[in-house]
Amino acid sequence: MRFQQAEWNWLTTLPAEVKRALAGGNEADYDPAAFAHYGEFFLTLCGIKPCLLLTNPDFPRYAEELYVHAIQPIQQELQGFELFRIDRDGHGQAQSDANHQVVYIFTSRFHPKFALIKEVLMKPHPSPVPNELLGKALGYPVPSGMSTFYYVDETTTRELGCSCMVVFEFTARAGFERSIKMHFERCATEFRKLGKVLTFSSS
């Protein structure tokens with residue numbers, strides 16, 4: 001995937017001050033694998049995930065720079081998909097403030113959940129959006145809960161020698177094991193087409 005390589009090149013060559021910001025103040029703790037989005041990007045292209053939301057409060061220009069380095073070079077090839085820019089207040093107007101938080105949402109108007117994405121993620125809300133609606137818009141397979149589930153790209157983890165390349169993460173409550181297994185198998189099938197092996201873990 002061209003996106004994966006471009007994203008990794010960008011993540012591993014960020015300025016020291018940006019790495020410190022992303023790692024909570026200590027550059028030595030910076031792990032580029034923790035910020036990789038290629039897995040969610042791929043699942044969005046497959047239609048399994050309704051959208052990819054890009055933002056990071058520790059680095060306000062995160063979404064914009066990732067777009068420039070990894071998405072813009074291949075944007076013309078992404079037919080049917082669009083990138084929506086939203087500021088932190090839920091409006092589409094860019095501001096000159098260097099610390100202004102910008103969110104990018106990568107999705108397709110043709111996805112069955114596009115209306116939900118637009119309502120939940122693109123419009124301003126006077127109060128927090130319920131977790132159930134947010135989870136559906138982001139493509140989490142089951143209602144949120146106390147357990148955390150991880151889909152790990154073992155192939156890329158081994159090839160890059162990184163700590164652990166998690167490509168999808170969500171929380172869930174008890175009683176949805178069958179739905180989670182079916183979702184994982186669907187994702188693993190798509191990743192096998194890229195020659196990658198996914199494994200499943202939880203905590």
Side-chain angles (χ1 to χ4, degrees), residues 1-14 18-59 62-63 65-67 69-71 103-107 121 131 134-174 176-203:
M1 283 177 60
R2 290 173 57 193
F3 176 92
Q4 179 185 359
Q5 186 60 55
E7 179 188 50
W8 188 252
N9 289 342
W10 175 67
L11 288 171
T12 54
T13 57
L14 286 171
V18 175
K19 292 180 179 179
R20 282 195 297 272
L22 291 173
N26 187 355
E27 185 183 352
D29 292 335
Y30 174 71
D31 179 6
F35 302 96
H37 287 86
Y38 76 90
E40 292 184 72
F41 180 81
F42 176 61
L43 292 176
T44 301
L45 291 177
C46 294
I48 296 177
K49 201 173 187 305
C51 69
L52 169 61
L53 187 147
L54 298 171
T55 189
N56 192 300
D58 296 319
F59 181 30
Y62 181 91
E65 293 204 12
L66 178 57
Y67 163 71
H69 288 86
I71 298 179
V103 176
Y104 276 116
I105 298 173
F106 177 72
T107 187
L121 300 177
N131 285 337
L134 187 60
K136 288 180 180 179
L138 294 174
Y140 300 154
V142 296
S144 60
M146 298 300 294
S147 298
T148 304
F149 294 83
Y150 312 90
Y151 299 173
V152 179
D153 179 351
E154 295 290 352
T155 305
T156 299
T157 298
R158 183 179 64 255
E159 290 175 347
L160 296 178
C162 56
S163 55
C164 182
M165 187 62 78
V166 176
V167 295
F168 195 64
E169 178 180 342
F170 59 93
T171 65
R173 63 189 65 168
F176 288 88
E177 290 78 9
R178 178 177 171 80
S179 295
I180 294 171
K181 181 178 179 181
M182 291 175 62
H183 182 265
F184 170 75
E185 290 297 339
R186 188 181 176 197
C187 293
T189 296
E190 294 299 331
F191 269 84
R192 278 195 292 272
K193 296 176 183 178
L194 299 178
K196 298 180 182 294
V197 175
L198 286 194
T199 58
F200 174 90
S201 65
S202 63
S203 62

**Asked** Hey, would you say the W10 and Y67 ring centroids sit under 6.0 Å apart?
**Response**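 No, too far apart.
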**Message:** Looking only at the aromatic ring of each residue, does the gap between the centers of F35 and Y30 stay below 6.0 angstrom?
**Reply:**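 Yes, the ring centres sit under 6.0 Å apart.
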Looking at [X] and [Y], what are the two nearest heavy atoms and their distance?
X	Y	result
C51	T107	CB-CB, 3.7 Å
E7	H37	OE2-N, 2.6 Å
L121	L138	CD1-CD2, 4.1 Å
A33	W8	N-CZ3, 3.7 Å
A172	I180	CB-CD1, 3.8 Å

**Asked** Mind checking what makes ring pair (Phe, Tyr, Trp, His ring centres under 6.0 Å) contact with F184, not counting sequence neighbours?
**Response**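 Checked F184 against ring pair (Phe, Tyr, Trp, His ring centres under 6.0 Å); matches are Y151, F200.
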**Request:** Could you tell me whether the side chain of H183 and the main chain of S179 form a donor-acceptor pair under 3.5 Å?
**Result:**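 Side chain of H183 to backbone of S179: no pair is present.
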**Asked** Are the side chain of T156 and the backbone of D153 linked by a donor-acceptor contact shorter than 3.5 Å?
**Response**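 Not at all, since once roles are kept as given, no pair shorter than 3.5 Å links the two residues.
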**Request:** With Y150 as reference, evaluate S203, S201, S202 under the side chain to side chain donor-acceptor pair (under 3.5 Å) test and give the passing residue.
**Result:**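 Going through S203, S201, S202 one by one, the side chain to side chain donor-acceptor pair (under 3.5 Å) with Y150 is satisfied by S203 alone.
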Approximate separation, where rounding is to 0.5 Å, of [X] [atom1] and [Y] [atom2]:
X	Y	atom1	atom2	result
D29	L22	CG	CG	12.0 Å
L194	C46	CG	SG	7.5 Å
K19	T13	NZ	OG1	7.5 Å

**Prompt:** Would R186 and T189 count as having a side-chain donor-acceptor pair, cut-off 3.5 Å?
**Reply:**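 There is no such pair between these side chains.
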**Message:** If we count only N and O atoms by modelled type, under 3.5 Å, do the side chains of S144 and N131 hold a donor and an acceptor together?
**Reply:**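 No, N131 and S144 have no side-chain donor paired with an acceptor closer than 3.5 Å.
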Contact check, side chains of [X] and [Y], non-hydrogen atoms, under 4.5 Å:
X	Y	value
E190	I48	yes
M146	T171	no
N56	L66	no
F106	E40	no
V167	K196	no

**Asked** salt bridge (charged side-chain N to carboxylate O under 4.0 Å, His left out) with R173: which residues, sequence neighbours excluded?
**Response**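 Residues passing salt bridge (charged side-chain N to carboxylate O under 4.0 Å, His left out) with R173: E132.
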**Request:** Name all residues meeting the salt bridge (charged side-chain N to carboxylate O under 4.0 Å, His left out) criterion together with E159; count only those two or more places apart in sequence or in a different chain, and write none if there are none.
**Result:**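 E159: no salt bridge (charged side-chain N to carboxylate O under 4.0 Å, His left out) contacts found.
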**Request:** Over 60° means perpendicular and under 30° means parallel, so classify the ring planes of F170 and F168, tilted if in between.
**Result:**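 The arrangement is tilted - the two ring planes meet at 30° to 60°.
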**F3 vs Y38, ring pair (Phe, Tyr, Trp, His ring centres under 6.0 Å): CA-CA, chis, key distance, verdict** = CA-CA 7 Å; F3 176 92; Y38 76 90; 7.8 Å; no
